[in-house]
Amino acid sequence: MKLCGICRLEKVESMEKILDLISKKVMDAFEGCGYEASYGKVGISNRPDLCEYQCNGAMAGAKKYKKAPIMIANDVVAVLKEDPMFDEIVAVNPGFINIRVAGDFVAEYLNGMQADERLSVEKAAEPKTIMIDYGGANVAKPLHVGHLRSAIIGESIKRIGRFVGHKVIGDVHLGDWGLQMGLIITEVKERQPELVYFDESYEGEYPEEAPFTISELEEIYPTASGKSKVDEAFREAALEATAKLQSGVRGYRALWQQILNVSIADLKKNYGNLNVEFDLWKKESDAQPYIPEMVEEMKEKGYAYMDQGALIVDVAKESDTKEVPPCIILKSDGAALYTTTDLATIIERRKLFDPDEIIYVVDKRQEMHFIQVFRCARKTGLVKEDTGLKFLGFGTMNGKDGKPFKTREGGVMRLEHLIADINEEMFRKITENHEVDEAEARETAKLVGLSAIKYGDLSNQASKDYVFDLDKFTIVRGQYEVRIFFTQSVAIKSVLNQDIYARGGQIGRKRD
Ligand code: ARG
């Protein structure tokens with residue numbers, strides 16, 4: 001059996017958690033200094049700005065040993081000061097022990113994980129069926145950086161879930177049923193009123209070819225959306241078109257299908273470039289067939305009632321500290337809302353996959369929407385009691401100025417452009433001062449660039465906003481980093497058959 005150079009523990013089949021290793025080390029030191037080992041328990045720091053781990057046992061032991069906590073902490077720190085497990089271990093008044101672990105220790109730990117075929121991850125004792133609702137792109141709108149986080153976080157959860165042994169189904173849940181469709185249809189109608197889609201008496205087949213390209217479509221939506229904000233008649237027309245589409249007007253459905261075809265082909269390409277794969281390319285509209293029955297039942301059972309023309313379900317609870325407005329199930333014009341499709345989608349998912357859990361990876365600003373949807377689904381019995389409904393809300397990706405990430409001109413940054421910028425910067429760094437084959441360098445830049453984007457995202461707590469800093473993300477500095485980068489990351493890639501989420505520099509921490 002191999003002995004780890006730093007923690008001096010035998011490599012065992014299932015690896016101990018890094019926290020347990022640190023705890024063990026500190027507990028031994030407490031014992032060595034004549035204190036009870038249990039005081040040496042280490043936890044994750046609640047002051048990450050100061051340290052990564054901390055031990056507060058000296059305070060607890062002060063009474064028993066009739067000593068100032070700082071003295072106990074000092075004793076222990078004196079023993080561990082030179083220990084290679086730590087970069088820094090300090091006693092801080094009144095008696096905290098603050099710890100930062102050494103890069104080499106972490107690297108060695110990771111190497112240990114990597115040496116194990118299963119990366120020392122245990123299989124789930126009871127595999128579950130888990131659906132992950134992520135991506136969430138809207139048809140006819142280009143993917144922007146906001147969609148990036150959902151794609152990256154959702155994809156990683158999907159892969160981790162599978163690796164652990166769960167049956168995980170990823171669904172992109174495209175937005176294709178709301179006002180944005182009505183807006184596009186109305187704009188197309190204004191531009192090309194002669195199109196057969198708008199002839200309500202037409203009974204023949206609709207053309208195979210779409211009346212727009214993807215780039216035209218991407219221009220149509222923002223134009224229409226802008227118009228609807230200043231032109232009330234246009235907005236009215238778009239609302240009407242939305243209701244007509246939802247109620248099944250043939251020409252509108254055919255045009256909508258064209259929008260889907262053109263848009264989905266483009267989305268597949270873009271998600272493919274991110275190495276993000278969905279099992280299901282379901283859409284909000286797929287929930288439509290479930291809506292009438294759902295609404296009837298909610299009415300029949302007395303959950304839903306009319307309020308100012310709209311059909312609503314109350315979901316507030318007495319214990320609420322902030323107001324949770326009722327769920328609007330149908331608007332006064334009968335059109336389905338985002339809430340309606342999300343509820344009906346739960347019915348569809350139950351029917352088709354009977355999941356134990358559904359996880360929604362969506363911008364945290366939508367939290368209230370999901371509180372309402374989950375409560376309504378439970379109240380009206382759309383899910384079994386033990387079905388988990390989880391909202392995993394992520395923060396905003398900001399620019400260096402702390403505001404939502406924008407292009408230099410101040411517009412919404414398209415994902416494609418962001419990726420191209422990163423690849424270019426990576427290429428520049430790789431070829432700077434190096435003789436490398438151009439094609440190979442481009443290929444590497446792509447791989448490393450994508451990994452950097454993913455790592456940059458996943459290294460942050462999902463719920464927090466984070467700053468996207470191109471310069472920081474593309475740092476490939478120092479021999480040490482590069483060595484780990486090219487050995488470790490490639491190995492991780494081959495083991496997991498997926499992208500590299502860990503950039504070497506960060507695994508081993510920067511050395512310069
Ligand atoms: N299309 C939505 C948006 O862009 C996200 C969809 C999230 N998933 C869901 N089931 N609501 O905001």
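Indexing begins at 1, ligand by ligand and atom by atom, following the structure's order. The analysis underlying the following values was restricted to heavy atoms, covering all of them including side chains, and did not include hydrogens, waters or symmetry mates.
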Could you check F391 against F374 for ring-ring contact (aromatic ring centres under 6.0 Å, His included), going step by step and ending with a plain yes or no? CA-CA 9 Å; F391 173 64; F374 295 171; 7.3 Å; no
Decide yes or no on side-chain contact (heavy atoms from CB on, under 4.5 Å) for E416 and N273, but give the supporting numbers first. CA-CA 9 Å; E416 285 175 84; N273 285 339; over 6 Å; no
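Between the side chain of D116 and the backbone N or O of M113, no donor-acceptor pair lies under 3.5 Å. S156 places a side-chain N or O within donor-acceptor distance of the main-chain N or O of I153, the cut-off being under 3.5 Å.
In this structure, E155 CD and L274 CG are separated by 9.0 Å, a value rounded to the nearest 0.5 Å.
Between E277 and R162 there is no salt bridge, since none of the side-chain N atoms of the basic residue sits less than 4.0 Å from a carboxylate O of the acidic one.
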Pairs under 3.5 Å, nitrogen or oxygen of ligand 1 with protein nitrogen or oxygen:
{"unit_1": "ligand 1", "atom_1": "1 (N)", "unit_2": "G136", "atom_2": "O", "d": "2.8"}
{"unit_1": "ligand 1", "atom_1": "1 (N)", "unit_2": "N138", "atom_2": "OD1", "d": "2.8"}
{"unit_1": "ligand 1", "atom_1": "4 (O)", "unit_2": "G136", "atom_2": "O", "d": "3.4"}
{"unit_1": "ligand 1", "atom_1": "4 (O)", "unit_2": "N138", "atom_2": "ND2", "d": "3.0"}
{"unit_1": "ligand 1", "atom_1": "8 (N)", "unit_2": "D133", "atom_2": "OD1", "d": "3.0"}
{"unit_1": "ligand 1", "atom_1": "10 (N)", "unit_2": "D133", "atom_2": "OD2", "d": "2.8"}
{"unit_1": "ligand 1", "atom_1": "10 (N)", "unit_2": "D342", "atom_2": "OD1", "d": "2.7"}
{"unit_1": "ligand 1", "atom_1": "11 (N)", "unit_2": "Y338", "atom_2": "OH", "d": "2.8"}
{"unit_1": "ligand 1", "atom_1": "11 (N)", "unit_2": "D342", "atom_2": "OD1", "d": "3.4"}
{"unit_1": "ligand 1", "atom_1": "11 (N)", "unit_2": "D342", "atom_2": "OD2", "d": "2.8"}
{"unit_1": "ligand 1", "atom_1": "12 (O)", "unit_2": "Q366", "atom_2": "NE2", "d": "2.8"}

